[in-house]
Amino acid sequence: MSGHTVMTLAVVTLAAGKGSRMKSDLPKVLHKLAGKPMLAHVLNSAAQLDDARQHVVIGHGADAVKQQITEFDVSWAVQSEQKGTGHAVAQAMPDVDAEATVLVLYGDVPLIRSETLQKLLDESHAGNALALLTVELDDPTGYGRIVRDDAGNIQAIVEHKDASAEQHRIREVNTGILAVSAAHLNTWLPKLSANNAQGEYYLTDIIAMAVENDVAVRAIHPLDEYEVQGVNDRLQLAALERVYQRQLADELLTAGVSLADPARLDIRGTLTAGADVSIDIGCVFEGDVVLADGVSIGPYCVVKNSQLGQGCEVEAYSHIDGAQLASGCSIGPYARLRPGADLKQSAKVGNFCEVKKAVIGEGSKVNHLTYIGDAEIGKDVNVGAGTITCNYDGVNKSKTEIGDGAFIGSNSSLVAPVKVGAGATIGAGSVITREVADNELSVARGKQRNISGWARPVKN
């Protein structure tokens, strides 16, 4: 963002409110949007601005907020009694550089864009003017109205509860987001009065003070109304979640990803997709997910912190978490790959199979009703239905190794630590407890006895 006046910038985000309408013990700003606390979205937008020092005013659930917000360098200020926005900003001011421009944001207005904030800062001319973010609403009920004179200059902001009938008709409202110098704030904040319907110190009262002191008051509008929408209840949070998800879906569609229905997709993290990727309905992506060219994801899959190679096919209702898939793998339906699952080229994990911390070699198949954990499987191995690697003895985990080209018969239990050699065959229903050499056949099961002339029991 070069070409802007160099100045120190203090971003003060207000995050002290309880959010009683959320009906929750969780502080309001920690409620999640796309898997991240609302406050983290705000701090992330602010962090894109040059030389921004972040200050956050906390109150309700202060410790919980501090514990969850760790990825940003934040100066915390505590507002122990909630006496309004003006009072909240005043709590942060002792830590703010007296020469700085101050940008005031809100922890429950999560979708504000950094481009909009930069425009606001430019409009404040290094804080000499007071720059406001305002928006025209079809229904301005509940919002502070922007009162202008006949020449269109902003004179004041009147809160909805304090507004006259005529002022209620004004559609331009205050978003609360503003930029002005710390010097001006340090002069004006101590002069605020709580003589209003709410008995609070409103930050908005500084607008009239600016007018009185001949400080220019300028307004800009955001590009989109959703940028300034605050969240007071779960209905509003759900509405913004869909706005945000739709934006992500539109970006994917524009980049050439095929989505069966852009309204039925949830991304809670980052999704990077190559060419000709297709995603069916109801899929959830968490953390960092990378889908290479030609990957196809069936309906209702959950993919978390995983990388899927070119041409992989994932069928319905599969869960993939912390897995690496090389090209051409086939997964599901109803498969579960847990952290450490490492599938080599063209490996296959079919229905009702679970793989954890295991390598499935090139071209190998684990097709049905099978658990593979702490294992290393070579190339072109066929693992029969109902096979289990018994990797846990109640205390320790042990490893199973299966060589290239081995064939594991259905319903076998491989009791780790154990090795099955290349080309070896395990007879169905075997419990294997010791090493099987290359190309050997191993059968370990009770001997079958057939008893003729046997009579079934009958009811007394």
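Below, all heavy atoms of this structure are taken into account, side chains as well, without hydrogens, waters or symmetry copies.
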Please test K356 against D321 for salt bridge (Lys or Arg N to Asp or Glu O under 4.0 Å), starting from the C-alpha separation and ending with a verdict.
-> CA-CA 10 Å; K356 181 220 85 161; D321 177 6; over 6 Å; no
Using a strict threshold of under 4.0 Å (side-chain N to carboxylate O), is an ion pair present between [Y] and [X]?
X: R53; Y: D97; result: no
X: K18; Y: D25; result: no
X: K161; Y: E159; result: no

Taking atom [atom1] as the centre, does [X] end up with more than 12 heavy-atom neighbours from other residues, nucleotides or ligands that are less than 6.0 angstrom away?
X: E136; atom1: CD; result: yes
X: K36; atom1: NZ; result: yes
X: N195; atom1: CG; result: no
X: K365; atom1: NZ; result: no
X: K119; atom1: NZ; result: yes

Separation of [Y] [atom2] from [X] [atom1] (nearest 0.5 Å):
X: S75; Y: D95; atom1: OG; atom2: CG; answer: 4.0 Å
X: L137; Y: I170; atom1: CG; atom2: CD1; answer: 13.0 Å
X: L130; Y: S124; atom1: CG; atom2: OG; answer: 9.0 Å
X: I267; Y: Q245; atom1: CD1; atom2: CD; answer: 6.0 Å
X: I297; Y: I279; atom1: CD1; atom2: CD1; answer: 6.5 Å

ring-ring contact (aromatic ring centres under 6.0 Å, His included) partners of [range], not counting sequence neighbours, each pair once:
range: residues 276-309; answer: Y300-Y317
range: residues 222-259; answer: H41-Y244
range: residues 187-208; answer: H184-W188
range: residues 129-171; answer: H160-H168

Using side-chain contact (heavy atoms from CB on, under 4.5 Å) as the criterion, point out the one residue from T85, V89, V57 that pairs with V104.
->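 That would be V89.
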Counterpart residues, ring-ring contact (aromatic ring centres under 6.0 Å, His included), relative to H221 (two or more places apart) =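 Applying ring-ring contact (aromatic ring centres under 6.0 Å, His included) to H221 gives none.
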Run the numbers on L33 and L111 for side chain to side chain contact (heavy atoms under 4.5 Å, CB included), then give the verdict.
-> CA-CA 10 Å; L33 185 132; L111 298 188; 3.8 Å; yes
Indicate yes or no: at least one non-hydrogen side-chain atom of [X] is less than 4.5 angstrom from one of [Y].
X: F352; Y: H368; result: no
X: V147; Y: Q167; result: yes
X: V173; Y: V135; result: yes
X: N153; Y: Q155; result: yes
X: T8; Y: D51; result: no
X: I146; Y: I157; result: yes
X: V217; Y: V215; result: no

What's the verdict on side chain to side chain contact (heavy atoms under 4.5 Å, CB included) for L203 and L189, showing C-alpha distance, side-chain angles and the deciding distance?
-> CA-CA 8 Å; L203 182 62; L189 290 173; 3.9 Å; yes
I'd like to know if the side chain of [X] and the backbone of [Y] have a donor-acceptor N/O pair within less than 3.5 Å.
X: Q68; Y: A64; answer: no
X: T187; Y: A183; answer: yes
X: N186; Y: A182; answer: yes
X: T134; Y: N174; answer: no

Is it the case that the side chains of [Y] and [X] hold a donor-acceptor pair, with the cut-off being a distance below 3.5 Å and no angle test?
X: D122; Y: Q118; result: yes
X: T270; Y: D288; result: yes
X: E313; Y: S296; result: no

Criterion side-chain hydrogen bond (donor to acceptor under 3.5 Å, both in side chains) against N391, the qualifying member of T400, N396, D374 =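 Among T400, N396, D374, the one meeting side-chain hydrogen bond (donor to acceptor under 3.5 Å, both in side chains) with N391 is D374.
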Among H31, Q229, K28, the one residue meeting side-chain hydrogen bond (donor to acceptor under 3.5 Å, both in side chains) with D108 =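 Option passing the side-chain hydrogen bond (donor to acceptor under 3.5 Å, both in side chains) with D108: K28.
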Which residues satisfy the salt bridge (charged side-chain N to carboxylate O under 4.0 Å, His left out) test with [X], sequence neighbours excluded?
X: D205; value: none
X: E376; value: K399
X: D393; value: none
X: R234; value: none

Checking side chain to side chain contact (heavy atoms under 4.5 Å, CB included) for the pair L337/H319: CA distance, chi angles, key distance, verdict?
-> CA-CA 6 Å; L337 303 185; H319 281 226; over 6 Å; no
Kindly state each residue pair satisfying side-chain hydrogen bond (donor to acceptor under 3.5 Å, both in side chains) with at least one member in residues 334-344, sequence neighbours excluded.
->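 Residue pairs passing side-chain hydrogen bond (donor to acceptor under 3.5 Å, both in side chains), neighbours aside: R338-E354, D342-K344.
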Sorted by first residue and then second, give each side-chain hydrogen bond (donor to acceptor under 3.5 Å, both in side chains) pair with at least one member in residues 248-264; sequence neighbours left out.
->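 The answer is R246-D250, D261-R264.
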Output every pair passing salt bridge (Lys or Arg N to Asp or Glu O under 4.0 Å) with a member in residues 206-232, not counting sequence neighbours, ordered by first then second residue.
->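 Those involving residues 206-232 are R113-E227, E123-R218.
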Over all atoms of both residues, closest heavy-atom pair of [X] and [Y]:
X: I372; Y: A358; answer: CG2-CB, 3.8 Å
X: G309; Y: A292; answer: C-CB, 3.6 Å
X: V12; Y: A92; answer: CG1-CB, 3.8 Å
X: A260; Y: D280; answer: CB-OD1, 3.5 Å

Quick one: do K304 and V289 satisfy side chain to side chain contact (heavy atoms under 4.5 Å, CB included)? Show the steps, please.
-> CA-CA 6 Å; K304 185 175 177 180; V289 174; 5.6 Å; no
